[in-house]
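A quick note: this is a predicted structure, and the numbers were derived from the prediction, not measured. Letters A, B, ... are given to chains in the order of the sequence lines, protein chains preceding strands, and every chain is numbered from 1.
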2 protein chains.
Amino acid sequence: MVPIKVKNAEIVVVSKSSAKSRPASARGHRPKTRIQREKQDIILEAALDVFSLHGFRGATIDQIAEVAGMSKPNLLYYFPRKEEIHRRLISELLVTWLEPLREMDAKGDPFPEICSYIRRKLEMARDFPRESRLFATEMLQGAPRISEMIEVDLKNLVDEKARVIEGWMDDGKLTRVDPYHLIFSIWATTQHYADFDVQVRAVLGPKRGGDGRFEDAARYLEQLFLFGLMPGKSIG
Amino acid sequence: MVPIKVKNAEIVVVSKSSAKSRPASARGHRPKTRIQREKQDIILEAALDVFSLHGFRGATIDQIAEVAGMSKPNLLYYFPRKEEIHRRLISELLVTWLEPLREMDAKGDPFPEICSYIRRKLEMARDFPRESRLFATEMLQGAPRISEMIEVDLKNLVDEKARVIEGWMDDGKLTRVDPYHLIFSIWATTQHYADFDVQVRAVLGPKRGGDGRFEDAARYLEQLFLFGLMPGKSIG
DNA sequence: AAGATTTTTGACCAGTTGGAAAAATGTTAG
DNA sequence: CTAACATTTTTCCAACTGGTCAAAAATCTT
């Protein structure tokens, strides 16, 4: 334990080593090694569990670390701060979450396109409920961490697809309705089965609340939107 | 500081005074005086702000107290614990929240009944968005504090109204669809405008995202459900 | 095997959290 | 006025929070 020299040496070493030893992600780059990517995936998985259940504020690093099976400092070695984990989760989510809408094709016919959009969204609600809930909690809290993304990326995509829908209506293939609210209603009805899952299961009861509920929902929603949007109806 | 006797005396006094000085609500009864009811209402108002924004875990007593304009211990004088505030909010909420559904009348015709149900739900989404979000956060978190209520009260009400809807369908007044999923879709589409308000406004943009969005939504939803559920259609 | 690097851990910290105790301050009935 | 009660504030605490740090352990390189 030499007095000054050691101190200086330590400081130099520390600053050097801490900059080098922290994984690339912590410095804003993509992870390089296989193990780093694996660990980060484990953390993101655990974080998805916790964030989707408690929201950003209600989730704690300790909880995430426990679910991920590692110590808190170890977790913080891969993600320097809580917000970083959340940001990664959200931004990756938005891409895949909007994929079904992105696939809606102007060249197709409206009803097959809309029906398969509904189906895909319902499948996502069934297979990735945590992602849906994460998105929902973020929205409920006013989307403070993704306001830019929804005001730009999301809006542009919806604007584009609204024009596609309007094109179908111009061709007389679809009842003329507000395309934005049409998209909203598809989002709402499909995501409902992920976000309000507890309620849905409780109301349907043990017999009907099983795995079949998604098929029932798909049948109902397709019928609703099919009849509801079919052109050339008059109120009888 | 007498050893044992004082201890006993203290315990007696404490238990007596704390039981008497704490307002009735804290002991599970209704508040008696006007001032108590007023203060509790102020607290509940503030708590609604905070809980609906951050969920149960993310909300802090300090925040609620600050919004309510009083000190934390003072707040805790009226509600002995955080959970108590939340419980009160939720249970009061559920009653008013289900009122529109309760009003759906078997003796009426289906389309006026369903349309006015949609309108009422939309009005609630517009006028009481915090309540809607509080309900949503609770659901998203698995409804741990109201599981009993939704499994009994809510389920019974929905079962009853599902039978009403089935009655309409038996009379040929309504396309035959799953009544439960019909109710879900009305819940989802209407509450969407409260819970995902940020998203809705961002996507609609400044021009269309103003106050008119609820009227647009009402028009669209009425049309969707009207055409979607009108009997005697065939796929053309 | 030695050295360099990456990963993991335990101790720690300052600020926040839900909540308890008690003292101080009203308020009101006799 | 004053005793009994209702309300509010001050003080305090133990547990938890996000996050740091140095050292230990594991891994990789040569």
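- Within the 4.0 angstrom heavy-atom criterion, base atoms lie near Ser71(B).
- Taking the six-membered ring where tryptophan is involved, the planes of Tyr193(A) and Phe184(B) are perpendicular, since the angle between them exceeds 60° and thus also 30°.
- Within a 6.0 Å radius of CD in Gln63(B), more than 12 heavy atoms belonging to other residues, nucleotides or ligands are found.
- The closest side-chain donor-acceptor pair between Gln141(B) and Arg57(B), if any, does not fall under 3.5 angstrom.
- Glu83(B) pairs by the side-chain hydrogen bond (donor to acceptor under 3.5 Å, both in side chains) definition with nothing, not counting sequence neighbours.
- Comparing Pro73(B) and Arg81(A), the nucleotide of DNA chain D nearest to each residue sits closer to the 5' end for Pro73(B).
- OP1 and OP2 of dT6(C) both lie 4.0 Å or more from every side-chain N or O belonging to Tyr78(A).
- The 5' end of DNA chain C is approached more closely, in terms of each residue's nearest nucleotide, by Met70(A) than by the other of Met70(A) and Arg57(A).
- Atom pair Ile61(A):CD1 and dA14(C):P shows a separation of 18 Å (rounding to whole Å applied).
- dC16(D) atom C1' lies 14 Å from atom NE2 of His54(A), rounded to whole Å.
- Using a cutoff of 4.0 Å between basic side-chain nitrogens and carboxylate oxygens, Lys155(B) and Asp159(B) are scored as salt-bridged.
- Residue side chain Lys72(A) reaches the base of dG18(D) through a donor-acceptor N/O pair under 3.5 Å, judged by distance alone.
- The interatomic distance linking Phe56(B) (CZ) with dT17(C) (P) rounds to 14 Å, in whole Å.
- In this entry the distance linking CD of Gln36(A) with C1' of dT27(D) reads 13 Å, nearest Å.
- One atom, CG of Leu75(A), and another, C1' of dC21(D), lie 17 Å apart when rounded to the nearest Å.
- Within the structure, every side-chain polar atom (N or O) of Tyr77(B) is placed at least 4.0 Å from both OP1 and OP2 of dT8(D).
- Among the atoms of the strands shown, none is found under 4.0 Å from any heavy atom of Ala65(B).
- Under 4.0 angstrom from either OP1 or OP2 of dT7(C) there lies no side-chain N or O belonging to Asn74(A).
- Taking the ring centre of Phe56(B) as origin, the terminal cationic atom of Arg145(B) falls inside the region bounded by 6.0 Å and 45° from the ring axis.
- The interatomic distance linking Ile43(B) (CD1) with dT8(D) (P) rounds to 9 Å, in whole Å.
- Residue Lys39(B) is classed as a sugar-phosphate contact, given heavy-atom separations below 4.0 Å to backbone atoms only.
- Looking at Lys39(B), its side chain never comes within 3.5 Å of a backbone N or O of Tyr78(B) through a donor-acceptor pair.
- In this entry the distance linking CD of Glu83(B) with C1' of dT17(C) reads 15 Å, nearest Å.
- Taking atom CD on Glu84(B) and atom P on dG18(C), their separation rounds to 15 Å, with Å as the unit.
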Inset, instruction - Would you write the dot-bracket representation of DNA chain C, where each base gets (, ), [, ], | or . depending on whether it forms a Watson-Crick or G-U pair under 3.5 Å and with which partner? - result: ||||||||||||||||||||||||||||||

